[in-house]
*Asks:* 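Dumping the structure here so I can ask a few things about it.
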Amino acid sequence: MDGATYRVGAVAAVPDLANPIVLARKLLDAGEHAILAGPAAWQFGAEHGIARAPAGALVTERARARLADEIAQRAATGRPASDGGTVGAVARDRAGRFAAATSTGGIVHKRAGRVGDSPIPGAGTWADASCAISATGDGEAILRVALARSIAARLATGMPLGTAVDDSLHELHRITGGSAGVIAIDGATWVARQLSPTMPIAWVDAVGLGDGMGRVV
Ligand code: ASP
């Protein structure tokens with residue numbers, strides 16, 4: 001999502017795509033539709049020189065092992081193991097314009113056709129004239145509270161970014177019982193906060209490159 005223009009490009013329910021963000025960016029640039037799902041996204045990709053990999057070719061051994069673990073855990077406990085693999089990015093350029101992008105394989109053992117929070121503007125991804133936000137975690141919970149937009153709405157009241165993120169994460173947990181993490185940037189600062197124990201992050205700022213872990217709220 002491009003915060004300067006409020007333009008959105010998102011693709012959903014598209015397995016076998018190596019670089020979904022590249023396709024999403026083409027959709028944003030085309031400006032015709034905001035979100036394409038399933039075969040429509042593949043078709044749009046084909047029209048723009050982005051080919052699908054052979055079915056299943058991008059599924060790694062690690063992913064197969066996670067699926068096996070998930071099935072075993074659900075059989076043993078009746079509850080999902082809930083482990084994600086989302087990559088998000090937020091940016092402010094020299095001119096002060098914001099952008100956000102989120103890419104995910106979704107949750108393990110999901111139904112085919114499930115659309116999570118990542119491609120939904122205002123839920124897992126948001127950018128406007130004042131901030132950029134990318135979320136990870138329980139997609140259904142993030143969707144139910146429109147997590148990213150709720151942070152932006154708090155910011156618009158003058159609340160500091162860290163407080164806006166913390167309050168929105170606590171609200172998500174209170175309403176849904178779910179868990180999430182967020183990276184966010186505004187005109188003054190950036191934050192990485194999460195309800196779950198770990199969320200590796202990396203950044204480039206005026207000082208240079210850095211990496212670490214987000215802060216648990
Ligand atoms: N939020 C993603 C989804 O629900 C999963 C994740 O962040 O790991 O699709």
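Both counts, for ligands and for their atoms, begin at 1 and track the order of listing. Here the structure is a predicted model, which is why all the values come from computation and not from measurement.
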*Asks:* Tell me the nearest of A180, G137, G139 to atom 5 (C) of ligand 1, using heavy-atom distances.
*Replies:*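 The residue whose heavy atom sits nearest atom 5 (C) of ligand 1 is G137.
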*Asks:* Run the salt-bridge test on K26 and E47 with the 4.0 Å N-O cut-off and return the result as yes or no.
*Replies:*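 No, no charged N to carboxylate O under 4.0 Å.
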*Asks:* Identify whether the distance between the nearest side-chain nitrogen and carboxylate oxygen of R66 and E70 falls below 4.0 Å.
*Replies:*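 Answer for the salt bridge query: no.
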*Asks:* For ligand 1, which atoms sit closer than 4.0 Å to a heavy atom of D117?
*Replies:*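 Answer for ligand 1: 1 (N), 2 (C), 3 (C), 4 (O), 9 (O).
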*Asks:* Any atoms of ligand 1 less than 4.0 Å from a non-hydrogen atom of T136? List them with their elements.
*Replies:*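 Heavy-atom distances to T136 below 4.0 Å select 6 (C), 7 (O), 8 (O).
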*Asks:* May I ask you to check if ligand 1 and D138 share an N or O to N or O distance below 3.5 Å?
*Replies:*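 No.
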*Asks:* Counting only N and O atoms by type, is there a donor-acceptor contact under 3.5 Å from the side chain of D16 to the main-chain atoms of G56?
*Replies:*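 Flag set: sc D16 to bb G56 pair under 3.5 Å.
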*Asks:* To the closest 0.5 Å, what do you measure between CG (L155) and CZ (R149)?
*Replies:*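 Taking CG in L155 and CZ in R149, the distance rounds to 10.5 Å.
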*Asks:* Could you name the option among R114, E140, K110 that has the heavy atom nearest to atom 4 (O) of ligand 1?
*Replies:*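 Result: the heavy atom closest to atom 4 (O) of ligand 1 is in R114.
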*Asks:* Aromatic rings W190 and W203: how do their planes relate, parallel, tilted or perpendicular, breaks at 30° and 60°?
*Replies:*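 Answer is tilted, since the angle falls between 30° and 60°.
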